[in-house]
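All values below come from the heavy atoms of this structure, side chains included, with hydrogens, waters and symmetry mates left out. Here the structure is a predicted model, which is why all the values come from computation and not from measurement.
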Amino acid sequence: MEMGKKSDQVWLFYFVLVALLFIKTYLVYRFEFSLTIRGVGEELLLFINSIGAISLLLGIGLFKKYSKPGLMLAVYFLLSVILYANVLYYRFYIDFITVPVLFQFGNVGGLSQSTVELINWYDPLLVLDSLVIFWLIKRWRLRSVSLSSKLKKRTALFGAGMFIVTAVLALIIHPLLFEKSYDRELFVKSLGAYTYHVYDVAFQSITSLNSVFADDTDISEIQKFVEKNSVDRSSFAGVAEGKNLILISLESTQAFMMDEKVEGKEVMPFLNSLKDESFYFPNFYHQTAQGKTSDAEFMIDNSLYPLAGGSVFVRKPENNFLSLPLALKDEGYTTTSFHGNDRQFWNREEMYETLGYDRYFSKKDFDVTDENSINYGLKDIPFFEQSIPYLKELEEPYSAKFLTLTNHFPYLLEEEDTLIPLPDTSKDVVNRYFATVRYEDESIKKFFKDLKAEGLYEDSIFVLYGDHYGLSETYNDAIGEYLGKEIGPVEHVQLQKVPLIIHVPGEEGKVFNTVGGQIDLKPTILELLGVNEQKSLNFGRSLLAPDRKNLVILRDGSFVTEEYVYTKNTCYNKETTEKTNRNKCARHFDHVQDELDFSDRVIYGDLLRFME
C-alpha cells in the first residue's frame with residue numbers, strides 16, 4: 001500500500017513539473033519573445049510545441065527502472081536556467097542563444113557588463129521555483145521507486161506523439177523550415193525552444209566536420225555564382241590610388257541619429273558636416289549576427305557573410321581567407337588595427353594574424369587609467385589622441401582600422417563628457433545613448449583636426465561605418481516615444497541602417513542612394529584604391545557600380561530592396577510600410593537563400609584553401 005502511495009506521488013510530481021515548465025515556457029513565448037504569429041495554425045503550434053520536448057526531457061528521471069525524482073528536478077532546473085538565459089539574451093539581442101555563443105560568452109557585451117539593465121522584478125520566478133519543488137521532494141520524502149511499465153510506456157508515447165504532431169504541423173505550415181536553419185525565430189515558434197537547442201547542438205556538431213570532407217570541387221559552383229553576380233567598375237575606380245586607408249568603426253551607431261537634434265542641438269554635428277563633402281550612403285545596413293563588432297570586421301575584411309551562430313573570429317580563426325589586409329599587403333601596404341580594449345576580446349589577436357594584419361595596437365599599447373576609461377576600455381578621445389604617434393611611425397602606404405568603444409551598451413558617460421541635453425523617454429538606456437553618440441562624434445572631429453595638424457590628412461582616404469545597431473528591438477517603444485511614431489516591422493528594419501561616409505580629400509561630395517550593406521565595403525574600398533586582387537571571392541558588390549542590384553541581405557534571411565522590405569516571413573511596401581503581395585518579394589527568395597548558404601559553405605568547409 002505504501003509503495004503504491006509513493007508511486008502515485010512520483011507520478012504527481014512528474015506531472016507537476018511538466019505543467020509548471022510548460023506554463024513558464026508559454027508565458028515567456030508570449031510576453032518575453034517578440035514572436036510574429038500569423039493565423040490559427042501558428043497560434044496552435046506555439047501553444048503545443050514545448051509539450052513533447054518537456055515530457056521527454058523530464059522523463060529522463062522517470063523512464064529508468066527506478067524513478068529518480070532528484071534527476072527530474074535537476075533537468076527541470078537546467079531547462080529553467082536555459083529558458084531564463086534565453087530571456088536575458090533576447091532582451092538585448094532579440095535572438096536566441098546558440099552553442100557557439102556559450103563558448104564566447106565573455107564577448108557578448110551587454111550581458112557581462114550590465115545584466116542589471118536587463119533584469120525585471122519577476123525574473124526569479126523563472127528559476128527559483130526549483131527551491132520550492134526541492135522542499136516538496138523533502139516534504140513528500142520522495143525516493144527512487146519502481147513504477148508501472150505500462151504507465152511509463154504510455155507517458156513516453158504521449159511525449160513522442162506530441163513531438164511528432166508538432167513536427168508534422170510545423171512542416172505543413174513551414175515546409176522550408178529546415179532549409180532556413182539561420183532563422184532561429186521561425187524554428188523556436190515552430191518546434192519550441194528546447195527542441196531548437198537540441199537541433200542547434202546537432203547542427204554545430206555536423207558543420208564542424210564540413211572542412212574534413214571538403215575538396216576543391218566544392219568551390220567551383222560557388223565561384224560561378226559569385227562571377228554571375230559580379231558588377232562593372234565605376235567611374236570612381238582609382239580616385240584614391242596610393243592613398244593611406246583609415247577605417248573608423250562607429251561602435252553601435254545607427255544612422256537615424258545623424259538626423260536628430262535635442263533641444264536644437266545636433267547629435268552628430270561633425271559627421272553631418274563631413275558627409276556633405278564626402279561620398280555618403282543613406283541606405284547602408286549593418287548585416288551582423290551574434291558576433292556583432294567582430295561580424296562587421298569580418299564582412300568588411302572578407303566580403304563573406306557572418307555565421308548565423310557565434311562569431312567567425314572565435315569559431316574559424318584557423319581558416320584561409322582572401323582578406324582586405326592581404327590584398328593591400330600585395331600592393332605594399334602596412335596593415336594595422338587600433339583598439340583600446342584587451343587584444344584577446346573577440347579572439348582578435350589570433351584572427352588578425354590569420355587575416356594578414358602586420359600590427360595590432362591594443363589596450364597594452366595605450367596609457368589606460370581610471371580617469372580616461374569607462375565601460376569597456378579607453379574612451380574615444382584619448383584613444384584617438386594616443387594613436388596619432390603610432391600612426392606617424394607607420395611606413396606608407398598603410399591601412400589603419402580604428403575601433404571606437406565609448407558608445408557601447410549600456411552607454412555610460414561622466415557628466416563632464418556629456419555634450420548634449422538628454423531626451424526624456426521611458427528608458428534610461430535610450431536617453432544615455434544620445435550622450436555617448438554625441439561624444440563619439442566629438443572624438444572623430446578632434447581626430448580629424450589632429451590628423452590635419454600632423455600632415456596625415458591629405459594623403460588618406462577615410463571610411464567611417466557603423467558596426468551594428470545600438471538600440472535593439474527591446475527599446476522600440478522608447479525610440480517611438482522620441483520619434484513620435486510607432487515602430488512597426490518596416491520601421492524596425494530601417495533602424496538597422498548605419499552610417500557610411502567615405503571621405504576622399506579633394507573629391508566633391510556625392511550622395512549614393514544605392515541599397516547595400518557591410519559585405520559590399522571590401523570591393524568598394526578596393527575599387528577606390530585601384531587595387532585588383534590576385535585571387536578573390538567577394539559576395540559583396542561595389543556600392544559605386546552603376547549596374548549593381550539594389551539588394552541587401554540580412555543574416556536572418558530578411559532583405560531590403562529599393563521598394564520592398566521582407567522580414568519575419570512577410571513582404572512589405574517600404575514606402576507605405578503596409579503588407580503587400582508576397583510575390584513582390586518572392587523573386588529574390590532563391591538568390592537570398594543561395595547567397596547565405598554558399599557563404600556558409602565557404603566558411604564551414606574552409607573552401608578558400610582550394611582557390612587557385
Side-chain angles (χ1 to χ4, degrees), residues 92 110 114 116-117 248-278 280-284 286 371-376 379-385 404-449 464-488 491-492 494-501 503 509 511 577:
F92 185 73
S114 349
V116 68
E117 295 281 355
I248 302 177
S249 172
L250 305 173
E251 172 65 42
S252 303
T253 306
Q254 290 170 249
F256 83 96
M257 296 297 283
M258 296 189 68
D259 301 320
E260 297 307 321
K261 297 181 180 180
V262 181
E263 297 181 13
K265 296 185 177 181
E266 288 182 280
V267 180
M268 306 186 77
F270 179 70
L271 288 192
N272 280 330
S273 64
L274 184 67
K275 71 179 174 62
D276 292 336
E277 52 190 53
S278 307
Y280 178 55
F281 301 80
N283 294 304
F284 182 76
H286 87 84
E371 289 72 29
N372 68 12
S373 61
I374 196 168
N375 205 6
Y376 280 85
K379 289 191 287 190
D380 292 343
I381 288 178
F383 166 62
F384 283 124
E385 287 176 342
T404 61
L405 197 54
T406 307
N407 188 43
H408 195 296
F409 182 83
Y411 312 116
L412 306 175
L413 201 61
E414 290 95 344
E415 187 175 346
E416 62 266 25
D417 290 323
T418 302
L419 308 173
I420 193 171
L422 303 187
D424 185 26
T425 75
S426 58
K427 294 290 186 180
D428 287 339
V429 167
V430 174
N431 303 335
R432 296 197 301 267
Y433 183 63
F434 282 73
T436 50
V437 170
R438 177 66 185 85
Y439 176 86
E440 176 188 67
D441 182 82
E442 190 70 17
S443 74
I444 298 167
K445 174 184 176 182
K446 191 174 187 314
F447 184 45
F448 268 68
K449 180 180 178 181
L464 301 91
Y465 65 91
D467 62 353
H468 54 78
Y469 64 76
L471 300 171
S472 71
E473 192 174 347
T474 300
Y475 301 102
N476 274 357
D477 288 345
I479 298 172
E481 288 174 34
Y482 173 78
L483 295 177
K485 64 180 181 181
E486 184 177 351
I487 307 299
E491 289 84 0
H492 175 69
Q494 296 299 75
L495 285 173
Q496 306 315 302
K497 291 181 184 179
V498 293
L500 174 60
I501 298 171
H503 181 68
V511 176
T577 73

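Distance CZ/F284 to CG/L500: 4.5 Å, rounded to 0.5 Å. To the nearest 0.5 angstrom, L271 atom CG is 6.0 Å from L250 atom CG. Going from atom OG1 of T577 over to atom CD1 of I487 covers 10.5 Å, rounded to the nearest 0.5 Å. The CG atom of D441 sits 7.5 Å away from atom OG of S273, with the distance rounded to the nearest 0.5 Å. With rounding to the nearest 0.5 Å, the separation of CD1 in I374 from CG in L412 is 5.5 Å. For the atom pair CD (Q494) and CD (E491), the distance works out to 8.0 Å, reported to the nearest 0.5 Å.
Under the side-chain hydrogen bond (donor to acceptor under 3.5 Å, both in side chains) test applied with K379, the options E371, E385, E414, E440 reduce to a single match, E414.
When every heavy atom of H492 is checked against every heavy atom of E473, the shortest pair comes out as CE1-CB, 3.6 Å. Among all heavy-atom pairs drawn from N372 and P382, the shortest one is O-CG, 3.8 Å.
Around the CG atom of D276, the shell of radius 6.0 Å holds more than 12 heavy atoms that belong to other residues, nucleotides or ligands. More than 12 heavy atoms of other residues, nucleotides or ligands sit less than 6.0 Å from atom CD of E416.
Between the S426 side chain and the A478 main chain, no donor and acceptor come within less than 3.5 Å of each other. Between the E442 side chain and the R438 main chain, no donor and acceptor come within less than 3.5 Å of each other. For the pair Q254 (side chain) and Y469 (backbone), a donor-acceptor distance under 3.5 Å is absent. Here the side chain of T406 pairs a donor or acceptor atom with the backbone of D380 at under 3.5 angstrom.
Under the 30°/60° scheme for interplanar angles, the aromatic rings of Y433 and Y411 are found to stand perpendicular. Using cut-offs of 30° and 60° for the angle between ring planes, the Y475 and F409 rings count as tilted.
Between the side chains of N431 and T425, a donor-acceptor pair is found at a separation under 3.5 Å. E251 and H468 share a side-chain donor-acceptor pair at under 3.5 Å.
With sequence neighbours left out, the salt bridge (charged side-chain N to carboxylate O under 4.0 Å, His left out) criterion links K497 to no other residue.
Looking only at side-chain heavy atoms (C-beta outward), I381 and Y439 come within less than 4.5 Å of each other. Considering only heavy atoms from C-beta on, S252 stays 4.5 Å or farther from V437 through its side chain. Under the 4.5 Å side-chain criterion, counting only non-hydrogen atoms from C-beta, I248 is in contact with F384. Y465 has its side chain within reach of S249: a pair of non-hydrogen atoms, C-beta onward, lies under 4.5 Å apart. Counting heavy atoms from C-beta outward, D467 and T253 have side chains that stay 4.5 Å or more apart.
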Please test M257 against F434 for side chain to side chain contact (heavy atoms under 4.5 Å, CB included), starting from the C-alpha separation and ending with a verdict.
-> CA-CA 8 Å; M257 296 297 283; F434 282 73; 3.6 Å; yes
Check against side chain to side chain contact (heavy atoms under 4.5 Å, CB included), N476 and L495 | CA-CA 10 Å; N476 274 357; L495 285 173; 4.0 Å; yes
May I have the step-by-step check of side chain to side chain contact (heavy atoms under 4.5 Å, CB included) for R432 and L413, ending in yes or no?
-> CA-CA 8 Å; R432 296 197 301 267; L413 201 61; over 6 Å; no
Let me see the working for L274 and L464 under side chain to side chain contact (heavy atoms under 4.5 Å, CB included), right down to the final yes or no.
-> CA-CA 10 Å; L274 184 67; L464 301 91; 3.9 Å; yes
Going by atom type alone, with no hydrogens or angles, which donor-acceptor pairs under 3.5 Å involve a side-chain atom of residues 259-270 and a protein atom two or more places apart or on another chain?
unit_1, atom_1, unit_2, atom_2, d
E260, OE1, Y482, OH, 3.1
E266, OE2, N272, ND2, 2.9

